[in-house]
Amino acid sequence: MYPVAIKEPGLKGTIEHFFKRTYKEIHAVQDVSFEIQPGEIVGFLGANGAGKTTTLKMLTGLIHPSAGSVTVAGHIPFRRESAFLRKITLVMGQKQQLIWDLPAMDSLQINAAVYGLSDRAAQARIDELADMLSLQGKLTQPVRKLSLGERMKAELLAALLHEPQVLFLDEPTLGLDVNAQVAVREFLREYNQRFNATILLTSHYMADITALCDRVLMIHQGKLIYDGSLDGLIEQFAPCREVHVELAYAYHKAKLQQYGDVQSIDGSSVRYLVKPELLTKTVSQLLADLEVVDLAVSDPPIEEIIGRVFQVGQVH
Amino acid sequence: MKLASNPFSKYFQLIRLFWSTAISAELEYRMNFIFSALTSLGGLAGSLFGLFLFYGQGYHFQGWSWEEALIVVGIFTFLKGFSTAFLAANLNRIVKHVERGTLDFVLLKPISSQFWLSFHSMSLWGLPDILFGLFIVLYAGIKLKLSWTSYLSGLIPILFGATILYSLWFILGATSVWFTRIYNITEVLKGLMDAGRFPMVAYPVSYQVFFTFIVPVAFLTTVPAEALLGRANPSWIIGSGCLAIALLWFSNQFWRFALRFYTSASS
């Protein structure tokens, strides 16, 4: 069993980062308690500076929580014991560990030696992962000549060489194009299934979260405000439908606002957010009063829901 | 790459991998090597010319003949090459790691982070200085008809000197956890080290005290040169050894202390 857990409530404190790229100096995380079972993929949501990275750093042992306790795979992370470090890995989308001027293979050999892998074991592992990542032939090219997507995949390979059971991924798809994002996502899904690895993932791309995570943790201003399924989050917070109306011509904004919560107006195209119980009424009113060319009802984009949760600061 | 059976062979194997990758990375820029060789020659010419200005006028540093003073220049040049090859490249990397936050990757490896940061890189540019330094020592040694045991007895304090230099350098590197950009401090250290170019007696007494007890430059060049010439006071060599071990220990403690601030302000 390798549960990832923060058990007692109250990871209180102010942690100063002297080094952070954004030069944000203070992060605070409070009352963040959760437990993750082996083999789970958990999405970690939060606006910039909400405390996601700070929490990840506490879980990997880079930061010592000033209060509360953290246990990952049976270890106290901050001790950074060798046995613990061999079980985990950290991938950061905006930072890279591969040597820029050399082929990824050189960095992989160093990592293999650091983790004490034999030649044969390392090669077998590299072959397996390169196959899963479709990186064959790319590992002998200088890293600087790889595309961003290939580089990220090579970073993943380097981070997973030692067969870690717990993966901490901080924005692993940052800056990648859609195809590369999909490839990384599919790889993570397959890796999780094949090795029963536990994954804690942060991402700004909701598609990553919806594709991979059955469970999400949402953190806002350093506090855990939601822990549960993604569907539950949408249902609890935004039991709303989106009504998209194409009108024959542009109406005045004041007129349009009579019918409900206007999300956007783009010429003659208007989007409303409507509560389910008001849906029929609103739609029939719209059709009766306005000259409607087309009308569609759908679930609002998840980004919008998340954005609203962050604005309001809590899940109702 | 063989499976490392004990920690020492693992570390040796890692150094071999670190340096071979560092060299391959540097060979991507071949012209640099030629320029660094020319720079070394220029620096060496400067040292020799400075020394020549004194001795050409018939002035002697008290107790040091021309050839004996040359040994100091040779050891100085050697150590300069050593610091370019092994210290500067790695130290600048610590600063970069802190600046970019990639120190996280180093800290999460199941290996001593001080080891990783101290040995990860090496620069071929230091090689010309190392070779010229050895050449000068050898030239002066032949002129002075030194025996091979003299060279051996010089080797130990040079090792101490290199350890002292490394420790000071690493301590300075560790301060980047607080100050992030500290390239300037290393320039200060380089500047002070330049004082090792001549025997300590070349300086006024107050400077000698400063360069012995505050910034231990005397232990880097003068003490090894005296040992090589077979006239060193044993207590100086013992002192040098003690200082080397103490500074090495302190650099490790200091690094651990610094990391507490890298990772957390409140623990």
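Each chain gets a letter, A, B and so on, in the order the sequences are listed, and its residues count up from 1. Since the structure is predicted, the reported quantities are computational estimates derived from the model, not experimental observations.
Dense packing is recorded around OH of B:Tyr151, with more than 12 heavy atoms of other residues, nucleotides or ligands lying under 6.0 Å away. Heavy-atom neighbours of B:Phe135 CZ from other residues, nucleotides or ligands within 6.0 Å: at or below the threshold of 12.
The most heavy-atom pairs under 4.5 Å with chain B, out of A:Glu81, A:Arg120, A:Met92, come from A:Met92.
Counting all heavy atoms, side chain and backbone alike, B:Lys109 lies closest to A:Gln97 at NZ-OE1, 2.8 Å. For the pair A:Ala113 and B:Lys10, the tightest heavy-atom approach, listed with the atom from each and the gap, is O-CE, 3.6 Å. Listed here is the closest heavy atom pair of B:Thr21 and A:Leu102: O-CD1, 3.2 Å.
The CZ atom of A:Phe168 sits 13.0 Å away from the CG atom of B:Asp104 when rounded to the nearest 0.5 Å. Separation of atoms CG (B:Leu107) and CG (A:Leu62) is listed at 6.0 Å; rounding is to 0.5 Å. In this structure, CG on A:Leu85 lies 11.0 Å from CD1 on B:Ile111, to the nearest 0.5 angstrom. From B:Leu259, atom CG reaches atom NE2 of A:His64 across 14.0 Å, with rounding to the nearest 0.5 Å. Note that the CD atom of B:Gln13 and the CD atom of A:Gln109 stand 9.5 Å from one another [nearest 0.5 Å].
Heavy atoms of A:Gln96 lying under 4.5 Å from chain B belong exclusively to its backbone. The part of B:Leu14 that comes within reach of chain A is its side chain, from C-beta onward, which places non-hydrogen atoms under 4.5 angstrom from that chain.
Checking each of A:Asp106, A:Ile110, A:Val114 against B:Leu17 for a side-chain contact (heavy atoms from CB on, under 4.5 Å) leaves exactly one that passes, namely A:Ile110.
With sequence neighbours left out, the salt bridge (charged side-chain N to carboxylate O under 4.0 Å, His left out) criterion links B:Arg93 to no other residue. Taking the ring-ring contact (aromatic ring centres under 6.0 Å, His included) definition, one finds that A:Phe84 meets it with A:His75, sequence neighbours left out.
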